[in-house]
There are 2 protein chains.
Amino acid sequence: MGDRGGSGRPAARPATIKDVAAAAGVGIATVSRVFSGGSVSAATRERVLAAAGDLDYRPSAVGRSLKLQRTGGIGLIVPDVTDPFCADLIAGVLECARTFGEHVLLDAAHGDAGREAAIADRMMEQRVDGIIVVPEGDPAAWHSVVGAGGWVVSVDRVLPGPPDVLTVLIDDRAGVRALVEYLVGLGHRRIAFLGAASPGAPTGVREAAFRDTLAQLGVAVDEDLVVAARPERDSAYAAAAGLLQRRAGASAVLAAGHLIGEAAVLVARELDLRVPADVSIAMVGDVSWAELCDPPLTAVARPGHDAGYRACELLLRDRTRARGGPVLLPTELVIRGSCGPPRRA
Amino acid sequence: MGDRGGSGRPAARPATIKDVAAAAGVGIATVSRVFSGGSVSAATRERVLAAAGDLDYRPSAVGRSLKLQRTGGIGLIVPDVTDPFCADLIAGVLECARTFGEHVLLDAAHGDAGREAAIADRMMEQRVDGIIVVPEGDPAAWHSVVGAGGWVVSVDRVLPGPPDVLTVLIDDRAGVRALVEYLVGLGHRRIAFLGAASPGAPTGVREAAFRDTLAQLGVAVDEDLVVAARPERDSAYAAAAGLLQRRAGASAVLAAGHLIGEAAVLVARELDLRVPADVSIAMVGDVSWAELCDPPLTAVARPGHDAGYRACELLLRDRTRARGGPVLLPTELVIRGSCGPPRRA
DNA sequence: GTGAAAGCGCTAACAT
DNA sequence: ATGTTAGCGCTTTCAC
């Protein structure tokens with residue numbers, strides 16, 4: 001029965017276990033038992049519950065955490081919550097955390113190493129049970145978190161250094177390979193690589209996979225066709241425009257991330273290039289608009305939700321096991337209409 | 001100097017204020033002062049800091065929260081983190097929370113009233129300083145949270161009942177009105193309304209605004225052209241297909257949300273309707289793909305980031321003020337290429 | 001400037 | 001089955 005005055009509220013500070021005990025005429029231990037599942041006689045339990053109801057009592061997780069030395073919270077740090085991959089990741093973590101009865105502290109580092117470290121610090125002070133992170137900052141900072149007794153799982157990035165950090169990876173190597181093979185199979189020999197990507201997308205392994213696969217297939221890489229951009233919209237756009245404008249003779253473009261893929265699509269349209277007649281376009285990261293643009297974009301789907309789920313599982317269930325290298329999650333090549341045979345020269 | 005054994009770690013439990021005090025040869029009060037900014041002689045501070053560094057000491061937020069009766073955390077509950085509007089909202093809350101030095105507990109309710117209430121409960125037990133929510137569940141549950149002494153701000157929904165919940169709204173009414181006026185100005189008289197929407201998009205006020213504006217403009221509403229779908233992809237698709245297939249003679253389609261807008265675009269393409277030659281399409285919610293599809297979609301942009309930021313500000317700064325009705329945020333009509341004059345019959 | 005001690009809300013060991 | 005008590009890590013009076 002909260003007293004809700006007219007304006008400026010009473011801010012009645014919440015009832016404590018003591019209040020309930022007094023109201024029910026029992027000891028505080030009994031109240032505790034009622035709420036944490038000890039054995040209490042039915043009659044007493046009834047009285048306690050009634051009193052608790054009257055007082056609007058909610059056990060304080062703060063008190064409990066202090067006693068138990070464990071908060072039941074996990075930290076999640078992503079580069080950018082509005083990135084579709086990150087959003088999927090978050091959803092996965094949330095879903096898994098729920099099954100373990102844990103809650104999630106979220107923050108975004110936006111590629112700022114200092115901020116990332118500060119967030120981690122704060123989460124450690126909050127005594128989270130572990131941290132899941134898509135790290136973009138200083139690897140040393142993360143090893144030191146582990147050194148301080150923390151548990152961390154790195155998603156979509158491998159942290160150089162001692163293998164004290166659990167890791168969940170997405171098999172971009174295989175994804176890019178499949179895509180390149182598909183393109184080459186279509187007849188393409190001059191394939192451009194637009195590097196750099198969305199947050200959550202280290203371009204290094206993708207470029208390496210691009211080069212390796214081409215080499216394996218006996219196709220030469222034209223360095224003029226390998227371009228890099230920073231993971232911002234305008235940089236991506238500039239890079240794509242630079243490549244497509246000079247018409248270096250690419251018959252296909254592989255965009256290493258959805259941001260740069262978006263740029264490629266936009267630039268192609270602006271240049272009145274028909275897709276895939278004039279140029280084929282494909283990208284890594286199967287975001288929702290891939291199906292919406294015209295023609296729909298062929299893309300390598302990356303399982304962000306699974307990655308988040310597995311990372312959380314790793315943290316909460318498989319800690320001891322975890323020795324045994326990174327978890328590697330498969331990608332899927334989603335073929336749509338944006339790639340076709342190259343135009344006959 | 002954390003002892004990192006070979007496998008299965010020591011799990012050295014973190015140093016406490018006592019450990020530091022002992023190591024530095026001072027009282028715990030002094031250590032506390034060093035870390036919470038009390039007055040301490042430079043020499044002592046030095047010693048304490050050194051000891052703390054050795055022990056890898058981090059003040060426990062749990063201990064502090066218990067003492068201070070305030071955790072510095074705020075709860076955020078959205079329908080679905082992967083929805084672009086929700087993602088923007090989250091980003092806004094995160095940004096504002098940072099400036100106040102607060103952290104954020106996130107969870108998703110997925111339209112499940114029971115889950116929403118359970119999440120709120122848990123957050124209250126965590127003793128968050130307040131909760132920001134895009135409520136889809138039982139309004140009574142939220143009023144009772146307030147009754148229990150909690151602070152809640154509702155975003156993008158108005159909760160019926162006593163005005164004890166702070167509110168941040170987006171002016172969809174004006175947004176839809178602008179869009180309808182634009183369409184009518186183009187010459188359209190038979191405008192279809194595809195209702196239901198993404199999470200974070202109550203369709204009611206949009207439909208009302210649609211009808212009102214049309215009435216004001218002296219244009220009759222054909223009930224056959226007003227269709228509703230549930231906020232899932234297939235339901236949206238079915239609704240759009242139903243409408244467009246029977247060719248009820250709509251010259252323009254107003255999709256009330258991005259999910260149903262997506263469906264409209266897809267269906268139009270499938271039916272080989274040219275946009276905007278055969279049919280104009282516009283939607284509420286300016287998601288990133290609007291610019292990517294062909295032609296780019298005219299849309300009403302909804303300021304999710306701002307909404308989140310303002311909600312957080314309201315919670316953290318303006319509590320007392322807050323009397324004075326909901327905060328209302330403006331939308332913006334973003335005109336692209338998907339709408340044109342109706343085809344001459 | 002610094003230390004001793006109380007107490008925040010809770011759980012668990014121990015006593016009854 | 002239930003009550004008493006200690007103590008989790010911290011801040012903050014109150015003495016000195």
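Sequence lines set the chain letters: A, B, ... in the order given, protein chains first and strands last, and positions in each chain run from 1.
Across all strands shown, B/Thr30 has heavy atoms under 4.0 Å from sugar-phosphate atoms exclusively, and none from any base. Within 4.0 Å (heavy atoms only), B/Leu68 reaches sugar-phosphate atoms of the nucleic acid but no base atom. Within the 4.0 angstrom heavy-atom criterion, base atoms lie near B/Ile28. Nucleic acid contact for A/Phe35: none, since no nucleic acid atom lies under 4.0 Å from a heavy atom of the residue. Looking at heavy-atom distances under 4.0 Å, B/Ser41 makes contact with sugar-phosphate atoms alone, never a base. The residue A/Thr44 sits close only to the backbone: its heavy atoms come under 4.0 Å of sugar-phosphate atoms, none of a base. Backbone-only engagement by B/Val40 is indicated by non-hydrogen atom pairs under 4.0 Å involving sugar-phosphate atoms exclusively. Counting non-hydrogen atoms under 4.0 angstrom, A/Ser36 reaches the backbone sugars and phosphates but no base. At a threshold of 4.0 angstrom between heavy atoms, the contacts of B/Gly37 with the nucleic acid are absent. Across all strands shown, A/Gly27 has heavy atoms under 4.0 Å from sugar-phosphate atoms exclusively, and none from any base.
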Problem set entry | Criterion side-chain contact (heavy atoms from CB on, under 4.5 Å) on A/Phe85 and A/Asp156, from CA distance to verdict | CA-CA 10 Å; A/Phe85 174 80; A/Asp156 204 28; 3.8 Å; yes

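Comparing B/Lys18 and B/Lys67 by the nucleotide of DNA chain D that holds the closest heavy atom to each, the one mapping nearer the 5' end is B/Lys18. Two residues, B/Gln69 and B/Arg33, neighbour DNA chain C, and the one matched to the more 5' nucleotide by heavy-atom proximity is B/Arg33.
The nearest pair of heavy atoms linking B/Leu94 to A/Leu106 is CD1-O, 3.6 Å. Across every non-hydrogen atom of A/Val128 and A/Ile131, the tightest pair is CG2-CG1, 3.8 Å.
Using a 4.5 Å cut-off on side-chain heavy atoms (C-beta onward), A/Trp151 and A/Ile74 make no contact. For the pair B/Thr71 and A/Val62, the minimum side-chain heavy-atom distance is below 4.5 Å.
In summary, contact between chain A and DNA chain D, defined as any nucleotide atom under 4.0 Å from a heavy atom of the protein, begins and ends at D/dA1 to D/dG9 in the 5' to 3' direction. Nucleotides of DNA chain C lying under 4.0 Å from heavy atoms of chain B occupy a range whose first and last members, 5' to 3', are C/dG1 to C/dG9.
Between A/Arg115 and A/Glu136 there is no salt bridge, since no side-chain nitrogen of the basic residue lies less than 4.0 Å from a carboxylate oxygen of the acidic one.
For the atom pair CZ of B/Arg127 and CG of B/Leu66, the computed distance is 10.5 Å after rounding to the nearest 0.5 Å. A/Glu116 CD to A/Ile77 CD1: the interatomic distance, rounded to the nearest 0.5 Å, is 6.0 Å.
Side chains of A/His143 and A/Asp164: a donor on one and an acceptor on the other come within 3.5 Å.
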